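FYI, the numbering just counts along the sequence from 1. Keep in mind that what you see is a predicted model, and the values were worked out from it rather than measured.
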Amino acid sequence: MGNNANNFQFMDFIYLNTNFLESFTAQKYKGFPKELQATHILENSNENIGEKANSEVNLNGKVGGGLLGVEGTVTDVIEGSQNNQNNTETAQNVIVKVQRDNMYSKFHEYIEQKGLLTDTSDPALKKYISLSDMFYYIDFERIQKLCDETYRNIYSQYDSESDRFSSEKFSEIRSKIALLKELIPYDALLCNNKYIVLIDKDWLKIPKEHLGYVLGGEITVVGKVSKCIQASDTMPTIIEILNKIQEFTIKMLKDIGFDVADRVYMISPIAIYH
C-alpha cells in the first residue's frame, strides 16, 4: 500500500482515445481481463471509494457478486440508497476512469516491451512515439472566426499605424485557412515545429474551445506516426500532384506565421496528458 503511494504518478489526461484502447485490449486479451477491471482492484484494496454496490458492505455482511443468490432481501440493499446515491455515482465514475487508465497503462507497457516505440530523432512511419515537449494549439475554425472582417475592423482601431490588420492581409489569411481545413480535415492541431498532432474532438476530455488555454508548459503525447510531409521544389508528375498539394500545407502554415519545419511528421494521438 505504502509502496504504491510512493510510486504514484498522476496523469492529467487532456485526450484519450478509448475506442483504440478498447480494441487493443480486446485483441490482446481476447476479452476484458479481470486484472484490468476496476471492481477487482477496488475489492482487493484497503481503500473504499464511496459505497460499492454488490459488495459485503451493502449486503448485511453477506458476500456475493450481486443480488441473485445472496441471502437477505432487496430491501436490505435499497435501505439507505438515497443517502449513498452521491457516493455510488462517484464510485461508478472512478471505476470507469480506473478501467480506462488501466487499459492505457497496459498498452504503453506493451509497446515499450515489444520495442514498438520509435526514436524521436528519426521517427519511423507506422510506429508509436512518445513526445514530452511544448506544443502550440491550432484551431482553424476558431482562427477563421477571429479573422472575420467585423473583428478585423475592431483590431485595426487599436493598431492604426501598421498594416498588420489590413483588409488584404486578413482576406489572404481567411482564404488559406479555408484551404488548410480541407487539406487537414481534423478538428484541431498541436504543433511544435517537427510534429503536427491531429486532434479528433471526440476524444478530448475538455471542450475543444478551451484547449488553447490549458496547454501551458510541457505535455506528453503518445500516438502513431501516420505520415511524413516534406517540402520540395521538384516539379511534380501527374501521379505526384496530390502529394504535392499536401506539401503546400507546410508552406501555407509558414505563410500565416506558424513555425513548422520543412519535414513534418503527422501524429495520430492515443493519449495526451500533463
Side-chain angles (χ1 to χ4, degrees), residues 9-25 38 49-50 85-86 88-105 107-108 129-152 154-155 170 173-174 176-193 195-224 226-227 249 252-253 256-260 264-274:
Q9 182 179 359
F10 178 63
M11 290 184 288
D12 183 9
F13 283 102
I14 300 168
Y15 185 103
L16 192 65
N17 187 337
T18 53
N19 190 50
F20 173 90
L21 294 174
E22 287 167 2
S23 180
F24 163 80
T25 302
I49 302 176
Q85 183 176 358
N86 290 338
T88 302
E89 289 175 358
T90 299
Q92 288 172 344
N93 289 336
V94 170
I95 285 171
V96 170
K97 293 179 188 299
V98 168
Q99 291 183 165
R100 288 175 176 173
D101 289 357
N102 290 344
M103 287 191 292
Y104 172 72
S105 296
F107 163 72
H108 200 276
I129 193 167
S130 180
L131 303 166
S132 293
D133 209 337
M134 295 181 68
F135 291 80
Y136 55 88
Y137 175 60
I138 304 175
D139 181 342
F140 293 136
E141 184 179 6
R142 183 164 175 77
I143 293 172
Q144 256 188 336
K145 287 179 180 177
L146 293 175
C147 288
D148 182 84
E149 183 63 16
T150 302
Y151 297 146
R152 186 203 66 78
I154 296 173
Y155 308 147
F170 270 58
I173 290 172
R174 287 193 296 268
K176 287 180 177 176
I177 291 294
L179 180 53
L180 283 166
K181 284 177 67 178
E182 298 298 324
L183 291 172
I184 311 177
Y186 280 81
D187 298 307
L189 309 173
L190 300 181
C191 188
N192 79 338
N193 184 263
Y195 299 101
I196 289 179
V197 181
L198 307 167
I199 298 296
D200 182 339
K201 66 181 179 182
D202 287 349
W203 310 118
L204 282 170
K205 300 302 177 185
I206 58 174
K208 179 172 72 83
E209 295 77 13
H210 299 175
L211 190 56
Y213 297 93
V214 300
L215 287 177
E218 186 177 280
I219 60 171
T220 297
V221 176
V222 176
K224 179 174 276 190
S226 56
K227 192 175 182 64
T249 303
M252 277 187 284
L253 286 170
I256 58 178
F258 291 109
D259 179 23
V260 291
V264 173
Y265 293 92
M266 299 286 198
I267 308 299
S268 298
I270 295 157
I272 301 172
Y273 55 89
H274 284 291

Trainee: Under the rule for ring pair (Phe, Tyr, Trp, His ring centres under 6.0 Å), what residues qualify as partners of Phe107, not counting sequence neighbours?
Mentor: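 Ring pair (Phe, Tyr, Trp, His ring centres under 6.0 Å) list for Phe107, sorted by chain: Phe20, Phe24, Tyr128.
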
Trainee: Would you mind reporting whether Ile196 and Leu190 have side-chain heavy atoms less than 4.5 Å apart?
Mentor: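 Side chain of Leu190 against side chain of Ile196, heavy atoms only: no contact under 4.5 Å found.
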
Trainee: Residues two or more places apart in sequence or in another chain: which of them pass ring pair (Phe, Tyr, Trp, His ring centres under 6.0 Å) with Phe13?
Mentor: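 Partners of Phe13 under the ring pair (Phe, Tyr, Trp, His ring centres under 6.0 Å) test: Tyr104, Tyr273.
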
Trainee: Kindly write out the residues that satisfy side-chain hydrogen bond (donor to acceptor under 3.5 Å, both in side chains) with Gln144, not counting sequence neighbours, or none if the list is empty.
Mentor: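 Gln144: side-chain hydrogen bond (donor to acceptor under 3.5 Å, both in side chains) contacts with Lys181.
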
Trainee: A side-chain contact here means heavy atoms from C-beta on lying under 4.5 Å apart; do Leu189 and Val197 qualify?
Mentor: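 Leu189 vs Val197: side chains apart.
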
Trainee: After noting the C-alpha distance and the side-chain angles of Asn193 and Val260, does the key distance pass the side-chain contact (heavy atoms from CB on, under 4.5 Å) rule?
Mentor: CA-CA 4 Å; Asn193 184 263; Val260 291; 5.6 Å; no

Trainee: Where is the tightest heavy-atom contact between Met252 and Leu183, given as atom of each residue plus distance?
Mentor: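 The answer is CE-CD1, 3.3 Å.
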
Trainee: Measuring from atom CD1 of Ile219 to atom CZ of Phe135, what distance do you get when rounded to the nearest 0.5 angstrom?
Mentor: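 Ile219 atom CD1 to Phe135 atom CZ measures 5.5 Å (nearest 0.5 Å).
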
Trainee: Taking salt bridge (Lys or Arg N to Asp or Glu O under 4.0 Å) as the test, write out the residues that go with Arg142, two or more places apart.
Mentor: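 Not a single residue meets the salt bridge (Lys or Arg N to Asp or Glu O under 4.0 Å) criterion with Arg142.
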
Trainee: Just verifying a value: how many Å separate Lys224 NZ and Ile270 CD1, rounded to the nearest 0.5 Å?
Mentor: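 If we round to the nearest 0.5 Å, Lys224:NZ and Ile270:CD1 are 7.5 Å apart.
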
Trainee: Tell me which pairs pass salt bridge (Lys or Arg N to Asp or Glu O under 4.0 Å) where either residue lies in residues 195-206, with sequence neighbours left out.
Mentor: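 Found none.
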
Trainee: Using the salt bridge (Lys or Arg N to Asp or Glu O under 4.0 Å) criterion, which residues pair with Lys176? Sequence neighbours excluded.
Mentor: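 Lys176: salt bridge (Lys or Arg N to Asp or Glu O under 4.0 Å) contacts with Glu172, Asp255.
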
Trainee: Is Tyr137 atom OH crowded by more than 12 heavy atoms from other residues, nucleotides or ligands, each under 6.0 Å away?
Mentor: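 Yes - once you tally the heavy atoms of other residues, nucleotides and ligands closer than 6.0 Å, there are more than 12.
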
Trainee: Go through the structure and list residues passing side-chain hydrogen bond (donor to acceptor under 3.5 Å, both in side chains) with Ser130, not counting sequence neighbours.
Mentor: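 Scan of Ser130 (side-chain hydrogen bond (donor to acceptor under 3.5 Å, both in side chains), adjacent residues dropped) gives none.
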
Trainee: Measuring from atom CZ of Phe140 to atom CD of Glu182, what distance do you get when rounded to the nearest 0.5 angstrom?
Mentor: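 Interatomic distance, Phe140 CZ to Glu182 CD, rounded to 0.5 Å: 11.0 Å.
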
Trainee: How many angstroms lie between atom CG of Asp12 and atom CD1 of Ile272, to the nearest 0.5 angstrom?
Mentor: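 Between Asp12 CG and Ile272 CD1, I get 12.0 Å after rounding to 0.5 Å.
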
Trainee: Can you name the residues that form a ring pair (Phe, Tyr, Trp, His ring centres under 6.0 Å) with His210, not counting sequence neighbours?
Mentor: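 None.
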
Trainee: Identify the heavy atoms of Leu21 and Met103 that sit nearest to each other, and give their distance.
Mentor: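 For Leu21 and Met103, the tightest heavy-atom pair comes out as O-SD, 4.0 Å.
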
Trainee: If the condition is ring pair (Phe, Tyr, Trp, His ring centres under 6.0 Å), which residues does Tyr151 pass it with, not counting sequence neighbours?
Mentor: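 With sequence neighbours excluded, Tyr151 shows a ring pair (Phe, Tyr, Trp, His ring centres under 6.0 Å) to no residue whatsoever.
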
Trainee: Would Leu16 and Arg100 satisfy side-chain contact (heavy atoms from CB on, under 4.5 Å), going step by step from the backbone distance to the final call?
Mentor: CA-CA 9 Å; Leu16 192 65; Arg100 288 175 176 173; 4.2 Å; yes

Trainee: Measure from the side-chain N and O atoms of His108 to the backbone N and O of Val222, and report whether any donor-acceptor pair falls under 3.5 Å.
Mentor: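 Side chain of His108 to backbone of Val222: no pair is present.
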
Trainee: Search all heavy atoms of Phe258 against all heavy atoms of Ile138 and return the closest pair with its distance.
Mentor: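 What the structure gives for the nearest pair is CE2-CG1, 3.7 Å.
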
Trainee: List in chain and number order the residues that pass side-chain hydrogen bond (donor to acceptor under 3.5 Å, both in side chains) with Ser226, two or more places apart in sequence or in another chain; answer none if no residue qualifies.
Mentor: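 For Ser226 the side-chain hydrogen bond (donor to acceptor under 3.5 Å, both in side chains) partners, ignoring immediate neighbours, are Ser268.
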
Trainee: Quick one: does Ile14's side chain get under 4.5 Å of His274's, heavy atoms only?
Mentor: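 The answer is yes; the side chains approach within 4.5 Å.
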
Trainee: Might you point out which heavy atoms bring Phe170 and Cys147 nearest each other, and give the distance in Å?
Mentor: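 Looking at all heavy atoms of both residues, the closest pair is CD2-O, 3.6 Å.
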
Trainee: Once salt bridge (Lys or Arg N to Asp or Glu O under 4.0 Å) is applied, do any residues pair with Arg152, and if so which ones, sequence neighbours excluded?
Mentor: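 Expected list: Glu149.
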
Trainee: Please, which pairs that meet salt bridge (Lys or Arg N to Asp or Glu O under 4.0 Å) have at least one residue in residues 130-140, sequence neighbours excluded?
Mentor: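 As it turns out, the salt bridge (Lys or Arg N to Asp or Glu O under 4.0 Å) pairs with a partner in residues 130-140, which skip direct neighbours, are Asp139-Lys208.
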
Trainee: One pair to check against side-chain contact (heavy atoms from CB on, under 4.5 Å): Thr220 and Leu131. What are the steps and the verdict?
Mentor: CA-CA 5 Å; Thr220 297; Leu131 303 166; over 6 Å; no

Trainee: What is the distance from atom CG of Asp148 to atom CD1 of Ile143, rounded to the nearest 0.5 Å?
Mentor: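 Between Asp148 CG and Ile143 CD1, I get 14.0 Å after rounding to 0.5 Å.
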
Trainee: Tell me whether the count of non-hydrogen atoms from other residues, nucleotides or ligands lying under 6.0 Å of CZ in Arg174 goes above 12.
Mentor: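 Yes, CZ of Arg174 has more than 12 neighbouring heavy atoms, counting only those of other groups under 6.0 Å.
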
Trainee: Give the C-alpha distance, both sets of side-chain angles, the deciding distance and a yes or no for side-chain contact (heavy atoms from CB on, under 4.5 Å) between Tyr136 and Asn192.
Mentor: CA-CA 6 Å; Tyr136 55 88; Asn192 79 338; 5.7 Å; no

Trainee: State, yes or no, whether a side-chain contact exists between Leu253 and Asp259 at a heavy-atom distance under 4.5 Å.
Mentor: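 Side-chain contact under 4.5 Å: no.
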
Trainee: On a heavy-atom basis, which atom in Tyr15 and which in Leu198 lie closest, and how many Å separate them?
Mentor: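 Result for this residue pair: OH-O, 4.2 Å.
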
